[in-house]
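Below is one structure, written out as structure tokens; the observations come after it.
FYI, the numbering just counts along the sequence from 1. Only this structure's heavy atoms are used, side chains among them; waters, hydrogens and symmetry mates stay out.
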Amino acid sequence: MKYNSIIKGEFIKRLNRFVALCRIDSEDIYCHVKNTGRCKEILVEGAECFLEVSSNPQRKYGYSLVTVKKGERLINIDSQAPNKAVGEFLKEGKLFSDISFIQPEKTYGNSRFDFYFEHGGKKAFLEVKGVTLEKDGAVFFPDAPTERGTKHLNELCDCIEQGYEAYAFFVVQMKNVKAFSPNDSTDFAFGKALRAAADKGVKIICYDCSVTENEMLIEAAVPVIL
């Protein structure tokens, strides 16, 4: 998953969920934040950051904040990047080598899952979640309460009952992490739903990503600790 045009900047402050102030070549500019999560441990004043330059002159903001450096670690915070990366991952046969059909944004019941795919005569639904919260090398989801995320897990369980395979795919938007766990201290209901989904047969998978200033690629499996 590559960006067409990236420029380096310095993060100044977040003004609201969608807008931040960054500095590019000594000029302070407003930019779109492509993540509505809290990201408090990432978006700190003075952090080196990378912004996508928009090619659309009609956009309100000409830049979007997509990657931030935390210590020596680059973290992609673009909430759209995980879906794009997983789409590439599936098409390249890296989850299953025998995938014969892929459909993004497939409606099922009261939910719209990120992917529906078929492989080896089996039919499957897959929901993607991007992970940006890191503490001492471990990563957690979510970084803010998510009723929508819990709803998706419950409906993945319904998929299992109807004979489909079901996957919750956690994309860690950084490299070199130890393990993934649900963030019970922030959203206990989500953690409970994730464990219940695993018990029902929903497959919980997690991969890290190699992240550069202009690219994010899914790379290696990460241990899941529920």
So if you build clusters from Ile, Leu, Val, Met, Phe, Trp, Tyr with side-chain heavy-atom gaps below 4.5 Å, do Val131 and Val68 land together?
-> yes
What's the spacing between Glu155 CD and Leu153 CG if we round to 0.5 Å?
-> 10.5 Å
Find the distance between CD (Gln103) and CD (Glu118) and round it off to the nearest 0.5 Å.
-> 9.5 Å
Is there side-chain contact between Val86 and Asp114, with heavy atoms separated by less than 4.5 Å?
-> no
So do the side chains of Asp184 and Arg195 get within less than 4.5 Å of each other, counting heavy atoms only?
-> yes
Is the closest side-chain heavy-atom distance between Asp78 and Asn35 below 4.5 Å?
-> no
Identify the heavy atoms of Cys157 and Ala197 that sit nearest to each other, and give their distance.
-> SG-CA, 3.5 Å
In terms of hydrophobic clusters joined by side-chain contacts under 4.5 Å, are Ile75 and Tyr3 together?
-> no
Should the pair His119 and Phe96 be assigned to parallel (<30°), tilted (30 to 60°) or perpendicular (>60°) ring geometry?
-> parallel
Can you get from Leu194 to Val139 by hopping between Ile, Leu, Val, Met, Phe, Trp and Tyr side chains that sit under 4.5 Å apart?
-> yes
Starting at CD1 of Ile29, measure out to CG of Leu51 and round the result to the nearest 0.5 Å.
-> 5.5 Å
Proximity of Tyr207 and Phe169 rings by center, below 6.0 Å | yes
Start with the C-alpha gap between Ile6 and Val66, add the side-chain angles, then the distance that decides, and say whether side chain to side chain contact (heavy atoms under 4.5 Å, CB included) holds.
-> CA-CA 9 Å; Ile6 290 289; Val66 294; 3.9 Å; yes
Among residues two or more places apart or on two chains, list those pairs meeting ring pair (Phe, Tyr, Trp, His ring centres under 6.0 Å) that have a residue in residues 174-204.
-> Phe141-Phe190, Phe170-Phe180
For Glu147, does the CD atom have more than 12 heavy-atom neighbours from other residues, nucleotides or ligands under 6.0 Å away?
-> no
When you check the gap from the basic side-chain N to the acidic O, do Lys123 and Glu165 get nearer than 4.0 Å?
-> no
Non-hydrogen side-chain atoms of Thr67 and Ile77 separated by less than 4.5 Å = no
Pi-cation contact, Phe125 with Lys106 (under 6.0 Å, within 45°) | no
Check the surroundings of atom CG in Asp25: do more than 12 heavy atoms from other residues, nucleotides or ligands lie under 6.0 Å from it?
-> no
Going through the distances and angles, do Val33 and Val19 end up as a side chain to side chain contact (heavy atoms under 4.5 Å, CB included)?
-> CA-CA 5 Å; Val33 180; Val19 182; 5.7 Å; no
Take Lys175 and Val211, measure what side chain to side chain contact (heavy atoms under 4.5 Å, CB included) needs, and give me the verdict at the end.
-> CA-CA 7 Å; Lys175 190 64 184 165; Val211 177; 6.0 Å; no
How far does SG of Cys31 sit from CZ of Arg23, to the nearest 0.5 angstrom?
-> 12.5 Å
For Gly9 and Ile24, which heavy atoms make the closest approach, and how far apart are they?
-> CA-CG1, 4.4 Å
Heavy-atom count around Asn4 CG within 6.0 Å, excluding the residue itself: above 12?
-> no
Does any non-hydrogen side-chain atom of Leu74 lie less than 4.5 Å from one of Met174?
-> no
Fit a plane to each ring of Tyr108 and Tyr164, take the angle between them on a 0 to 90° scale, and name the class: parallel (under 30°), tilted (30 to 60°) or perpendicular (over 60°).
-> perpendicular
Answer whether the closest heavy-atom distance between the side chains of Leu217 and Glu88 falls below 4.5 Å.
-> yes
Check: Phe11 and Leu65 side chains under 4.5 Å, non-hydrogen atoms = yes
Test ring pair (Phe, Tyr, Trp, His ring centres under 6.0 Å) on Phe117 and Tyr167 and set out the steps.
-> CA-CA 11 Å; Phe117 66 93; Tyr167 297 82; 5.8 Å; yes
Which residue pairs pass the salt bridge (Lys or Arg N to Asp or Glu O under 4.0 Å) test when at least one of the two sits in residues 42-66, sequence neighbours left out?
-> Lys8-Glu48, Lys34-Glu52
Hey, does the Lys NZ or Arg CZ of Lys94 hover above the aromatic six-ring of Phe89, less than 6.0 Å from the centre and inside 45° of the axis?
-> no
If only atom types and distance count, is the side chain of Glu219 paired as donor or acceptor with the main-chain N or O of Cys209 below 3.5 Å?
-> no
Would you mind reporting whether Phe50 and Asn214 have side-chain heavy atoms less than 4.5 Å apart?
-> no
Closest approach of Ala85 to Met216 (non-hydrogen atoms, all atoms of both residues) | CB-CE, 4.0 Å
If you measure from the Lys or Arg side-chain nitrogens to the Asp or Glu carboxylate oxygens, is any gap between Lys200 and Glu161 under 4.0 Å?
-> yes
Minimal non-hydrogen separation, Leu226 against Pro182, with atom names | CD2-CD, 4.0 Å
Looking at Glu10 and Gly46, what are the two nearest heavy atoms and their distance?
-> OE2-CA, 3.6 Å
Using 4.0 Å as the upper bound for N to carboxylate O, is an ion pair formed by Asp143 and Arg38?
-> no
Taking atom NZ of Lys70 and atom CD1 of Ile42, what is their separation to the nearest 0.5 Å?
-> 6.5 Å
Could you state whether Phe101 and Phe113 fall into the same hydrophobic cluster, counting links through intermediate Ile, Leu, Val, Met, Phe, Trp or Tyr residues with side-chain heavy atoms under 4.5 angstrom apart?
-> yes
So Tyr30 and Leu15, side chain to side chain contact (heavy atoms under 4.5 Å, CB included) or not? Walk me through it.
-> CA-CA 9 Å; Tyr30 295 104; Leu15 304 177; 3.2 Å; yes
Is it true that Leu90 and Met1 fall in one hydrophobic cluster, defined by side-chain heavy atoms closer than 4.5 Å?
-> yes
Measuring from Lys2:NZ to Lys84:NZ, what's the distance to the nearest 0.5 Å?
-> 14.5 Å
Kindly give the heavy-atom pair with the smallest separation between Val128 and Pro82, and that separation in Å.
-> CG1-CB, 3.7 Å
